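In this text, all values refer to a predicted model and were calculated from it rather than measured experimentally. We're numbering straight along the sequence, starting at 1.
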Amino acid sequence: MKEPSRLPIGVCTWTFGSLSLPEIAMRSAALGLDGVELLGDLSLYSAKEARDILASTGLDIFSLTPADADLAHPDAAVRKEGVDYFLRLLDFAAELGQPLVSCHGLVGRVTPLSDMTEEMSLLAACMRTIAQAAAARDLRIVFEVLNRYETHTVCTGMEALEFLHELGEGNVGVLLDAYHMNIEEADPAGTIREVGSRLWLYHAADSNRQAIGRGHTDFTAQLTALQEVGYTGPVILECTAPGPNPFTPMKDAGSLASLEMYLNESIAWLRKKT
């Protein structure tokens, strides 16, 4: 088998909590990362500010993590608010230099307010609007597959493929996350193969959302599957510091040290394997 080429490695900036972007960039560059998945909180920085800060440390902007938006809500006003946010995020992405724009269901809503059929239809309609707006800006979107404890909409790779088929938009791909697959997929490496060429982004954290090697996820099998489907990166690390409330990245005074330890370990593992 041909030896895999080195995969670029990034980190989700949201995992650094309230640290400023210049400090996140400085720390990410010092860790030897190639780039970031930038939190799409449009109140924190302009596109020019974010681009200049990250460029000054030699970091690429691979993708954007969206703020929470409920595109499947039965209330049209709630959905419009979500679509409007994504349209602003698309403009932001175009000015940044056209990174991938991630979308997903509202994190934390794990049950339909009306019924699943209606809400999936509403989600598809909103995503179609966003995808077409992205295409007009020459942007690509990835729909992230989350686990059942974070969303009720798309929780497996096969569900994602079915959803993309319903959308019928060629500029929408899939984001698979090793941590979420650990919960939902019987065979995560097999899921990577099933998604195949529609896999446009890959997130990595071990089964306990700590560093690669600290849980039971078979990352060797997943890297082999990534190679087989022709995935060339990046690998976006999304480890979080230990402690309660996984959605609060910095829990205590030791959280930052834990996060950077996990990132160091994960980077070392990936550099050895790719």
Side-chain angles (χ1 to χ4, degrees), residues 11-19 37-44 63-89 100-127 129-130 141-157 159-160 162-163 172 174-185 188 201-210 215 236-252 255 259 262:
V11 64
C12 288
T13 61
W14 76 265
T15 60
F16 286 89
S18 62
L19 265 63
E37 177 168 305
L38 181 65
L39 176 62
D41 183 341
L42 304 183
S43 70
L44 295 177
S63 47
L64 297 177
T65 299
D68 258 343
D70 195 343
L71 302 176
H73 200 285
D75 186 329
V78 175
R79 295 197 308 279
K80 182 179 185 303
E81 182 179 353
V83 171
D84 288 347
Y85 161 74
F86 272 103
L87 295 180
R88 295 194 303 275
L89 188 64
L100 288 168
V101 178
S102 176
C103 299
H104 51 61
L106 177 67
V107 175
R109 185 153 83 82
V110 296
T111 187
L113 299 174
S114 55
D115 65 77
M116 280 298 296
T117 300
E118 177 188 3
E119 293 198 5
M120 289 303 297
S121 177
L122 294 172
L123 177 62
C126 289
M127 281 299 303
T129 297
I130 294 165
I141 293 172
V142 284
F143 197 91
E144 182 171 9
V145 182
L146 303 176
N147 70 72
R148 73 189 72 184
Y149 305 107
E150 295 188 25
T151 189
H152 68 295
T153 54
V154 177
C155 296
T156 67
E159 289 174 359
E162 292 167 3
F163 185 60
V172 185
V174 176
L175 192 175
L176 290 177
D177 182 305
Y179 170 74
H180 297 302
M181 287 195 291
N182 154 72
I183 296 171
E184 297 296 342
E185 307 287 359
L201 196 60
Y202 173 76
H203 280 185
D206 217 318
S207 55
N208 48 15
R209 208 153 197 174
Q210 296 181 12
I236 303 292
L237 297 173
E238 199 174 18
C239 309
T240 57
N245 190 350
F247 306 114
T248 300
M250 295 291 114
K251 284 90 169 174
D252 54 42
S255 290
L259 173 64
Y262 295 162

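Expressed to the nearest 0.5 Å, how far NE2 of H104 lies from NE2 of H180 amounts to 8.0 Å. We find the CG-OG1 distance between N208 and T240 to be 9.0 Å, quoted to the nearest 0.5 Å. To the nearest 0.5 Å, the span separating SG on C103 from CG on L64 amounts to 10.0 Å. To the nearest 0.5 Å, the span separating CG on N147 from OG1 on T156 amounts to 12.0 Å. Atom OG of S63 is separated from atom CD1 of I141 by 13.0 Å, given to the nearest 0.5 angstrom. The CG atom of D177 lies 8.0 Å from the CG atom of L146; values are rounded to the nearest 0.5 Å.
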CA sep, side-chain torsions, deciding dist, call: F86, T129, side-chain contact (heavy atoms from CB on, under 4.5 Å): CA-CA 10 Å; F86 272 103; T129 297; over 6 Å; no
Stepwise side-chain contact (heavy atoms from CB on, under 4.5 Å) test for E159 and V145: CA-CA 9 Å; E159 289 174 359; V145 182; over 6 Å; no
Test side-chain contact (heavy atoms from CB on, under 4.5 Å) applied to L71 and I130, step by step: CA-CA 10 Å; L71 302 176; I130 294 165; 3.8 Å; yes
Residue pair T15, E238: steps toward the side-chain contact (heavy atoms from CB on, under 4.5 Å) verdict: CA-CA 7 Å; T15 60; E238 199 174 18; 4.2 Å; yes
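By the salt bridge (charged side-chain N to carboxylate O under 4.0 Å, His left out) test, R148 is found to be paired with E184, residues two or more places apart in sequence or in another chain being considered. Residues satisfying the side-chain hydrogen bond (donor to acceptor under 3.5 Å, both in side chains) criterion with R79, sequence neighbours excluded, are absent altogether. Residues satisfying the side-chain hydrogen bond (donor to acceptor under 3.5 Å, both in side chains) criterion with K80, sequence neighbours excluded, are D84. Listed by chain and residue number, T151 satisfy the side-chain hydrogen bond (donor to acceptor under 3.5 Å, both in side chains) test with T153 (two or more places apart in sequence, or in another chain). Residues meeting the side-chain hydrogen bond (donor to acceptor under 3.5 Å, both in side chains) test with E118, sequence neighbours left out: S114.
For the pair V172/F163, no side-chain contact is recorded, criterion being any heavy-atom separation below 4.5 Å from C-beta on. Side-chain contact between I236 and C12 is present, with at least one heavy-atom pair separated by less than 4.5 Å. Residues T13 and T65 fail the side-chain proximity criterion, which asks for heavy atoms closer than 4.5 Å. Considering only heavy atoms from C-beta on, E144 stays 4.5 Å or farther from L201 through its side chain. Put simply, the side chain of H73 does not reach to within 4.5 Å of the side chain of L122, judged on heavy atoms. Side-chain contact between H203 and E37: present, with at least one pair of heavy atoms (C-beta onward) separated by less than 4.5 Å.
When all heavy atoms of G215 and D206 are compared, the pair lying nearest together is N-OD2, 2.9 Å. Heavy-atom minimum distance, A178 versus Y202: CB-OH, 3.8 Å. In terms of heavy-atom proximity, Y262 sits nearest to P242 at OH-CD, 3.4 Å. Contact detail for S207 and Y179: the closest heavy-atom pair is O-CE1, 3.5 Å.
Checking H152 against E119 by side-chain atom types alone, a donor-acceptor pair falls below 3.5 Å.
The list of salt bridge (charged side-chain N to carboxylate O under 4.0 Å, His left out) pairs with a residue in residues 63-76, not counting sequence neighbours, reads D70-R109.
The backbone N or O of A69 lies less than 3.5 Å from no partner atom in the side chain of Y85, so there is not a single donor-acceptor pair.
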